[in-house]
There are 2 protein chains.
Amino acid sequence: MTPQGWEEIRAEVLRRIHARDWAPGALIPTEEALAQEFGCARATVNRALRELAETGVLERRRKAGTRVALSPPRRATLDIPVTRLEVEGRGQAYGFHLLEQRLREAPAPVTSRLGLAPGLELLQLKTLHLADGRPFLLEDRWLNPAVLPDPAPDFAAISANEWLVGHVPYTTGDIAFSAASASAEEAEVLGLAEGAALFIVERSTWERDLPVTTVRLAYAPGYRLRTVV
Amino acid sequence: MTPQGWEEIRAEVLRRIHARDWAPGALIPTEEALAQEFGCARATVNRALRELAETGVLERRRKAGTRVALSPPRRATLDIPVTRLEVEGRGQAYGFHLLEQRLREAPAPVTSRLGLAPGLELLQLKTLHLADGRPFLLEDRWLNPAVLPDPAPDFAAISANEWLVGHVPYTTGDIAFSAASASAEEAEVLGLAEGAALFIVERSTWERDLPVTTVRLAYAPGYRLRTVV
DNA sequence: GGATTTAATATGTCTGCACATAATAAACCC
DNA sequence: GGGTTTATTATGTGCAGACATATTAAATCC
């Protein structure tokens with residue numbers, strides 16, 4: 001039974017790779033040869049192989065052909081939800097408190113991360129997110145006032161996190177994950193012992209070339225970020 | 001100047017979304033209309049819009065048409081390299097020590113994670129990875145002996161991590177990231193104070209339906225996992 | 001022999017067309 | 001009116017053919 005449709009072709013190619021019919025590092029037949037074998041157009045094979053190359057299973061080069069990747073770069077995609085949805089997705093009640101909000105001169109690490117002139121005034125927001133009334137996440141955000149509308153939103157009523165998703169949606173940025181010990185301030189706010197291990201997410205985002213925000217999220221112990229490969 | 005090629009079309013569509021020509025939630029013109037506007041075939045527009053839908057910027061449904069996503073792409077892809085390449089990529093010298101290797105009855109959390117019968121014997125490997133001679137990562141791995149060849153590889157000469165990538169490459173699995181305080185044992189091996197905040201990666205992998213391995217990676221402080229959105 | 005030009009080739013992309021499919025809107029019936 | 005059937009329509013996928021492009025291998029020159 002020959003595969004029909006590009007998805008079945010993709011599955012068949014993957015099967016042959018798993019079965020070691022095509023060993024890691026080996027060249028596989030050309031698109032034309034596979035198209036003939038499967039009785040379809042080259043474009044259909046191209047679609048299947050292209051998708052596999054995108055996930056890192058195959059490596060393709062013009063003229064050189066297609067080969068099975070030697071060390072498949074384990075590539076994972078992870079979804080980063082809005083905090084409210086993340087909490088509610090666990091079946092817990094969401095809430096938050098705005099701890100602090102002030103416009104002040106941003107420290108050098110913040111401005112350099114965003115590529116802004118040092119000494120610029122940014123809006124700093126500290127927000128504690130709650131799950132079932134218990135501390136879940138401490139958000140320390142620096143926001144570029146240039147992205148705010150004239151009557152600035154009330155961040156005590158809508159969290160900065162959520163406001164940004166709704167109003168400055170199509171951003172690019174970078175993310176870093178790490179671990180850190182809770183400072184005295186973090187420990188107190190999160191209700192932990194000083195030095196407790198926190199999961200840290202740091203994000204900086206731009207809208208086109210305009211710096212929007214940089215944020216440090218400190219998750220209370222027990223938090224796990226999951227994904228499937 | 002009309003865009004040429006599907007990549008330029010993708011860029012132009014993205015530009016219009018950023019510029020709010022097409023607002024979040026709004027319908028955009030049909031493929032046919034855009035093809036006419038850009039002077040290309042519908043397939044070319046289709047390719048561009050499909051890519052944008054894959055990254056979560058657009059939402060497409062047959063008959064209903066294509067609309068700008070309301071709550072967009074909090075989606076990141078991250079590459080998970082082999083530890084050796086990760087260390088070398090920072091310009092540091094890589095090394096590792098096999099601390100412990102023994103075949104023993106796996107504890108229940110391990111077997112249940114892999115979907116194996118409780119009490120099964122698995123190979124436990126504890127490996128310390130070094131960067132410039134200093135502790136970088138503590139690997140605690142449980143390996144299904146069924147995936148090993150008859151003369152088992154010498155995991156003191158090649159790290160389990162690297163052997164698996166080369167010999168059981170095309171696996172599926174799940175990954176979780178979290179933070180934890182160093183246990184007494186971890187602190188000693190990594191040369192840290194007890195309770196130091198460690199970045200934890202837990203992975204379980206299968207080859208087709210065969211459980212291969214589950215591993216806990218404890219990174220020394222200072223490690224950051226980065227990605228770009 | 002070594003460097004440079006030229007030819008060969010697999011993938012990348014595009015076109016124009018066709019039909020399939022899913023989801024909606026319209027028509028219909030009771 | 002309410003529920004069911006029947007068009008309608010935008011996207012999804014397919015085809016054959018064409019040309020572009022990157023890269024390798026062969027041919028050429030000094």
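So you know, we letter chains A, B, ... as the sequences are listed, proteins then strands, and number each from 1. The figures here come from the full heavy-atom set of this structure, side chains too, leaving out hydrogens, waters and symmetry mates.
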Between atom [atom1] in [X] and atom [atom2] in [N], what is the gap in whole Å?
| X | N | atom1 | atom2 | answer |
| --- | --- | --- | --- | --- |
| A:R47 | D:dG12 | CZ | P | 9 Å |
| B:N46 | D:dG14 | CG | C1' | 12 Å |
| B:K63 | D:dT9 | NZ | C1' | 4 Å |

By nearest-nucleotide position on DNA chain C, the 5'-leaning member of A:A64 and A:R50 is A:A64

Can you find a donor-acceptor N/O pair under 3.5 angstrom joining the side chain of A:R42 to the base of D:dG17?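 Side chain to base: no pair present.
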
Quick one: salt bridge (Lys or Arg N to Asp or Glu O under 4.0 Å) pairs with a partner in residues 43-56 of chain B, sequence neighbours left out?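 For residues 43-56 of chain B, and leaving out neighbouring residues, the salt bridge (Lys or Arg N to Asp or Glu O under 4.0 Å) pairs sorted by first residue read B:R10-B:E51, B:R47-B:E51.
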
Residue pairs fulfilling salt bridge (Lys or Arg N to Asp or Glu O under 4.0 Å) with at least one residue in residues 27-41 of chain A, sequence neighbours excluded: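 Applying salt bridge (Lys or Arg N to Asp or Glu O under 4.0 Å) to every pair that reaches into residues 27-41 of chain A, excluding sequence neighbours, yields A:R16-A:E37, A:E31-A:R42, A:E31-A:R60.
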
What's B:A43 touching, base or sugar-phosphate or nothing? Going by heavy atoms closer than 4.0 Å. base

For residues 127-137 of chain A, run the donor-acceptor check on the side chains, cut-off 3.5 Å, and write out each pair with its distance to 0.1 Å, sequence neighbours left out.
{"from": "A:H129", "atom 1": "ND1", "to": "A:Y94", "atom 2": "OH", "distance (Å)": "2.7"}
{"from": "A:H129", "atom 1": "NE2", "to": "A:E139", "atom 2": "OE1", "distance (Å)": "2.6"}
{"from": "A:D132", "atom 1": "OD1", "to": "A:A93", "atom 2": "N", "distance (Å)": "2.8"}

Heavy atoms of other groups near A:Q4 CD, more than 12 under 6.0 Å: no

Would you indicate whether the side-chain heavy atoms of A:T30 and A:T66 approach each other to under 4.5 Å?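 Counting from C-beta outward, A:T66 and A:T30 never come under 4.5 Å.
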
If you walk 5' to 3' along DNA chain C, what is the first nucleotide with an atom under 4.0 Å of a heavy atom in chain A, and what is the last? C:dA8 to C:dT13

A:N144 side-chain N/O to A:T213 backbone N/O, donor-acceptor pair under 3.5 Å: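 Side chain of A:N144 to backbone of A:T213, a donor-acceptor pair under 3.5 Å: no, none is there.
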
Using residues 220-229 of chain B as the side-chain source, report each donor-acceptor pair under 3.5 Å to any protein atom, sequence neighbours left out, with the distance given to one decimal.
{"from": "B:Y223", "atom 1": "OH", "to": "B:E86", "atom 2": "OE2", "distance (Å)": "2.6"}
{"from": "B:R224", "atom 1": "NH1", "to": "A:E202", "atom 2": "OE1", "distance (Å)": "2.4"}
{"from": "B:T227", "atom 1": "OG1", "to": "B:T77", "atom 2": "O", "distance (Å)": "2.5"}

Between A:R62 and A:T44, who's closer to the 5' end of DNA chain D by nearest nucleotide? A:T44

Shortest non-hydrogen pair, B:A76 vs A:I175, comes out as CB-CD1, 4.3 Å

By a strict heavy-atom criterion of less than 4.0 Å, which residues belonging to residues 12-39 of chain B are in contact with DNA chain D?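 Those residues are B:T30, B:E31.
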
